[in-house]
Amino acid sequence: MTKNKPLAVVILAAGKGTRMNSKKPKVMHALLGLPMINWLLSSVEQLSPERIVVVVGKGMHDLVAAVKPHETVVQQTQDGTGSALKAGMSALDGFEGDILVLLGDTPLISVATMQGLIASRYQGDVTGISVLGVCLDNPTGYGRLLLNDDETLKAIREDKDATLEEKRGNIVNTGAFCLDASRTVGWLEGLGNSNAQGEYYITDLPEIAAREGVKTRVSLAINAAEVVGCNTRIDLSNLEQTAQHKMRENFMMAGVVMQDPSSVYLHHDTKIASGVILEPNVYFGADVEVGENVHIKAFCHFEGAKISKNSIIGPFARLRPGSDIGEEVRIGNFVEIKKSSIGDRSKISHLGYVGDCTMGEDVNFSCGAITVNYDGFDKYQTVIGKGVMVGSNVNLVAPLTLDDGAFIAAGSTITTDVPADALSVERSKAEVRSGWAALYRKRKEDIIKNKSDVS
Ligand code: UD1
Ligand code: CA
């Protein structure tokens, strides 16, 4: 095989995305919290191309910012994928080698598939163009690949321009092309717009090249899910599923146990170490890291949290941004934690709120205890030392410090600092009236009896 030439990648991302019904450029819609364009860029970066050029529309400032530090070029009028490539090529004046064209709305294409497409241009006689096709059960909406007898490409027919006969074909254009840079600009000059959409189609290039005797080779993608495009929000949800599925599988291959993978929702930056057990229905928002052998019980919600090894979390626990959970910690049901660090082996086993708190090791934070961290204006810190026992249903009114080994009696509302190993109790004295309850019940029963006698 001939060695590949220098590579430049052009990503077409200027389209308005009308079918998304959104004010955002289509490629800024996210999968697992990361814009589509960034999925594509992170794969493209792995090819280490000489140049990456992203074609954007006028005024798409957020897109330009998301693409940085990569280069963008503006397509002045969004009149088709062919004219978008023309805009991209204007930034690559004089570039010699391979041009890999990718569609911004096809973000999950794998590095291996891209490499296969580039390599296909060099199989046998080097050819000027290769196109990435895929077989789809339902090809509706896609351009159909019309093949010659020798399986080279005769033409790509857009769905809207295809005859009934042509529509029956189910090998479609994924939109990815590999082109000989030195000839592309000349071919682009030959594009017209006399078609159903009045646009300049990149898909006309194979026919234009054929007039010069240049054949177009077809490279077939094996996994359809990674090369389907996104035109509507329904497509977006399907791509989301594909990306979730892939990431879950990667984690499982790396030693994570998922009892019901389809109910675990991951973020693109989620980190989960091996030996972790995830029960069903766990949500990972941005920036969550789970250490080795952590057991996450069902129905947990995490954002901005670090959970260290051997801890047990949930069921029904919520970790909000700034939660730093130590090793062998136990966080039980209906516990919410925010901007707090929890020391090794501490237990918050049920029904609690811990916010703006530094909790030491071996603390027992009993059922119903909370930090009172907000006065309606400002937030205040609670510092809990090592080995502190916070009894049930305690309010810790911040700012507050409980020194090592302090003991807070159940039901107390604590407003002053507690020294090491001291007891702090705040309760009103209990009043016990003997026989009161029996008398009370009798009086109530008599009232009910008198009423029924009258009626
Ligand atoms: C395109 C292909 C079709 C293929 C399908 C695969 C053409 C004419 N059609 O159709 O053969 O089966 O993709 O998903 O190429 N874009 C621009 N500028 C424009 C128009 C589009 O940059 O003026 C960009 C869009 O941002 C998008 C991509 O090109 O990322 C594809 O555009 P889209 O309108 O979605 O093309 P399809 O109708 O899906
Ligand atoms: Ca599309």
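Since we're looking at a predicted model, the values are computed, not measured. Computation of the quantities below employed the complete heavy-atom set of this structure, encompassing side-chain atoms and omitting hydrogens, waters and symmetry-equivalent molecules. Start at 1 and go down the list; that is how both ligands and their atoms are numbered.
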State the atoms of ligand 1, each with its element, that fall below the 4.0 Å cut-off from a heavy-atom position in [X].
X    : value
Q75  : 17 (C), 18 (N), 19 (C), 22 (O), 23 (O)
T174 : 6 (C), 14 (O)
K26  : 35 (O)
D79  : 23 (O)
I202 : 15 (O)
Q78  : 23 (O)
Y142 : 6 (C), 12 (O), 14 (O)
T203 : 7 (C), 8 (C), 11 (O), 15 (O)

What protein N/O/S atoms lie closer than 3.0 Å to the Ca ion (ligand 2)?
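Hits for the Ca ion (ligand 2) below 3.0 Å: D105 OD2, N231 OD1.
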May I ask you to say whether D62 pairs ionically with K24, meaning some side-chain N is under 4.0 Å from a carboxylate O?
no
Answer yes or no: is there an ion pair linking E361 with R345, defined by an N-O contact shorter than 4.0 Å?
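Between R345 and E361 there is a salt bridge, with a charged N closer than 4.0 Å to a carboxylate O.
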Measuring from non-hydrogen atoms of [X] to any atom of ligand 1, is the shortest distance under 4.0 Å?
X    : answer
L103 : yes
S83  : no
V55  : no
R19  : yes

What verdict does the salt bridge (Lys or Arg N to Asp or Glu O under 4.0 Å) test give for R157 and E207, after you've listed the backbone C-alpha separation in whole Å, the side-chain angles of each residue and the deciding distance to 0.1 Å?
CA-CA 10 Å; R157 197 69 75 234; E207 279 174 285; 3.7 Å; yes
Considering only non-hydrogen protein atoms, determine which one is nearest to [atom] and report residue, atom name and distance to 0.1 Å.
atom                    : value
atom 24 (C) of ligand 1 : L12 O, 3.6 Å
atom 11 (O) of ligand 1 : E158 OE2, 2.6 Å
atom 39 (O) of ligand 1 : N231 OD1, 3.5 Å
atom 22 (O) of ligand 1 : A14 N, 2.8 Å
atom 35 (O) of ligand 1 : D105 OD2, 3.0 Å
atom 5 (C) of ligand 1  : N173 O, 3.9 Å
atom 25 (C) of ligand 1 : G15 N, 3.6 Å
atom 21 (C) of ligand 1 : T81 CG2, 3.8 Å

Within a reach of under 6.0 Å around [atom1] of [X], are more than 12 heavy atoms found that belong to other residues, nucleotides or ligands?
X    : atom1 : result
I277 : CD1   : yes
K167 : NZ    : yes
D149 : CG    : no

Tested for side chain to side chain contact (heavy atoms under 4.5 Å, CB included) against Y380, the lone hit among D356, D375, N373 is D375
Polar contact flag, side-chain donor to acceptor under 3.5 angstrom, [X]-[Y]:
X    : Y    : result
S237 : D235 : no
Q75  : S83  : yes
T127 : D125 : no

Return the set of residues passing side-chain contact (heavy atoms from CB on, under 4.5 Å) with A254 (not counting sequence neighbours), or none when no residue passes.
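Scan of A254 (side-chain contact (heavy atoms from CB on, under 4.5 Å), adjacent residues dropped) gives none.
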Mind checking whether [X] and [Y] have side chains closer than 4.5 Å, heavy atoms only?
X    : Y    : result
L205 : L85  : yes
E226 : T113 : yes
H295 : E279 : yes
F177 : V10  : no

According to the interplanar angle, ranging from 0 to 90°, do the rings of H301 and Y283 count as parallel (below 30°), tilted (30 to 60°) or perpendicular (above 60°)?
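Ring orientation of H301 relative to Y283: parallel.
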Considering only heavy atoms, which of A84, P107, G133, G80 lies nearest to atom 20 (C) of ligand 1?
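The residue whose heavy atom sits nearest atom 20 (C) of ligand 1 is G80.
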